[in-house]
Amino acid sequence: MSETSQTEISSELLPIYADIKGAVVRPGMYQIPQNARVLDLVNMAGGFTAEAAQNQVNFSQMVEDQMVIYVPTSAEDLSEWQEGQLGVRAEGPATTSTKVNLNKADSSELQQLNGIGEKKAAAIIAYRQENGSFNSVEELKKVSGIGDKIFDNLKDEIEV
């Protein structure tokens, strides 16, 4: 077996863990399969409670390693939540960091970085899908097309 094949196999076997909180029967941390959706995690947690605001949760969103899923109740004030983040938040209602998170950014967010265009953004996302979350900002240099020069220009703009 080649070195590349071993790397691909081992990255597929890496466990993914996600935390679900709020209006579910059994909140907690769960080991989930790669490519799991929010609804899969809700089901693992025993389903929604009677108070759950199910209409505030994106059932189809892919769950990523270390993600926190919060299911609000119908009585909660949801005005503090960012649009598009209802039902899913990783670090509280709103983050104060202006850095781009390599593990959470979509293509358009990545393209706002110095030296990152559409193709490099796609390469970053592909790397993340194949290898799991970035463990450090330096790991970005493993992405095809991103060398020391590009990394040095954007290292202060990124985080994991």
Ring pair (Phe, Tyr, Trp, His ring centres under 6.0 Å) contacts in which one or both residues fall within residues 135-160, not counting sequence neighbours: none
Hydrophobic cluster partners of Met29 (side-chain heavy atoms under 4.5 Å): Tyr17
Pairing residues for Asp148 by the salt bridge (charged side-chain N to carboxylate O under 4.0 Å, His left out) criterion, not counting sequence neighbours: Lys141
Distance-minimising heavy-atom pair for Ala18 and Val63: CB-CG1, 3.5 Å
For Lys21, all residues meeting side-chain contact (heavy atoms from CB on, under 4.5 Å), sequence neighbours excluded: Asp19, Val68, Tyr70
Heavy-atom pair with the smallest gap, counting every atom of Val100 and Ala105: CG1-CB, 3.5 Å
Test side-chain hydrogen bond (donor to acceptor under 3.5 Å, both in side chains) applied to Asn55 - qualifying residues, sequence neighbours left out: none
Inter-residue atom distance Gln34.CD - Glu130.CD, 0.5 Å rounding: 11.0 Å
Hydrophobic cluster (4.5 angstrom, side-chain heavy atoms) - remaining members for Met62: none
Qualifying residues under side-chain contact (heavy atoms from CB on, under 4.5 Å), relative to Ser107, sequence neighbours excluded: Gln111, Ala121, Ile125
Glu109 (side chain) donor-acceptor with Asp106 (main chain) under 3.5 angstrom: yes
Ala23 to Pro72 - nearest heavy-atom pair and separation: CB-O, 4.0 Å
For Asp65, salt bridge (charged side-chain N to carboxylate O under 4.0 Å, His left out) partners two or more places apart: none
Ignoring hydrogens and angles, write down the donor-acceptor pairs under 3.5 Å from the side chains of residues 35-52, residues two or more places apart or on other chains.
residue, atom, partner, partner atom, Å
Arg37, NH1, Ser60, O, 2.7
Asp40, OD2, Arg37, N, 2.8
Asn43, ND2, Leu39, O, 3.3
Thr49, OG1, Glu51, OE1, 3.2

Atom CD of Gln54 with >12 non-hydrogen neighbours under 6.0 angstrom: yes
Heavy-atom pair of closest approach, residues Ser144 and Ala123: O-CB, 4.1 Å
Pairing residues for Ser136 by the side-chain contact (heavy atoms from CB on, under 4.5 Å) criterion, not counting sequence neighbours: Glu138, Glu139
Nearest heavy-atom neighbours spanning Glu157 and Leu113: OE1-CD2, 3.4 Å
Ring pair (Phe, Tyr, Trp, His ring centres under 6.0 Å) pairs, two or more places apart, involving residues 106-149: Tyr127-Phe134
Straight-line distance of Lys120 NZ to Leu110 CG, nearest 0.5 Å: 12.5 Å
Shortest non-hydrogen separation from Leu102 to Arg128 and the atoms involved: O-NH1, 2.6 Å
Side chain to side chain contact (heavy atoms under 4.5 Å, CB included) between Leu140 and Ile124, intermediate numbers included: CA-CA 8 Å; Leu140 182 63; Ile124 292 169; 3.8 Å; yes
